[in-house]
Amino acid sequence: MRDRPSVPTAQERWDNVMETPLTVMALVFLAGYAVRILGHHLPTALLDLCLALTFAAWAVFLVDYVVRVRLSGIGLLRFVRHHLLDTVVVVLPLLRPLRVVSVYDRVQRRRDKPRLSLYARVMAYGGMTAGLLGFAGALTVYHFEYTAPGATILTFGDSVWWACATLATVGYGDVTPVTPMGRLTAVGMMGVGLALLGAVTGSFSSWLIQAFTREDEKGPPGNSPGAS
């Protein structure tokens, strides 16, 4: 007797429905935030529109979070413990673009079989996370730094250079944040940079070891088991 196909739960149906809207809202939030920070000379009406879109995206994430808590049926505290990334994304606007990564993961897992190997997925997620957080972190630091007394980050290019050096854990020190919010952002990006570097480097090393092991097991031509 065949097993009946499993029926999606209410939370799974909600996740499927919200997959595209959350992706769009993540991009809208990042775009609106970028225009607000970089568009100093744009008309006030356009900047106000970007602010409204940013808050609208935030509201969508908040509504999604509340609905998912209700559908989980496990209570707020347990939900927070089991969905820490979603909680952080709602609280910290800097990390909202990470929703794109979680959606990408669901796309890769369609048909219950990821199309990328584990190591490739870790490296792909690491690259996506670094790019998204680097851009968002550069925007945040530039916003708080470029008008601060004694600031060394005076242009968005300076901020992007600083973000790349920080995520790579190089820390040249030629440009550094001087404001409390800029330094707080730096601490977060240092931690993320260390975690990403360790994950990507470890995955790449493991992939190389497995590849070399397979080559060694094959051996030179004519030495395979059973060859005369």
From [atom1] ([X]) to [atom2] ([Y]), nearest 0.5 Å:
X	Y	atom1	atom2	result
T9	D15	OG1	CG	7.5 Å
L30	M25	CG	CE	13.0 Å
H143	Y33	NE2	OH	6.0 Å
T44	L49	OG1	CG	12.5 Å
I37	T140	CD1	OG1	7.0 Å
L154	Y146	CG	OH	11.0 Å

For [X] and [Y], work out which heavy atoms get closest and say how close.
X	Y	result
E145	T179	OE2-OG1, 2.5 Å
V141	S159	CB-OG, 3.9 Å
S72	F79	OG-CD1, 3.6 Å
V178	A148	CG2-CB, 4.1 Å
V60	M18	CG1-CE, 4.2 Å

Shared hydrophobic cluster, V69 / L62 (ILVMFWY, side-chain heavy atoms < 4.5 Å): yes
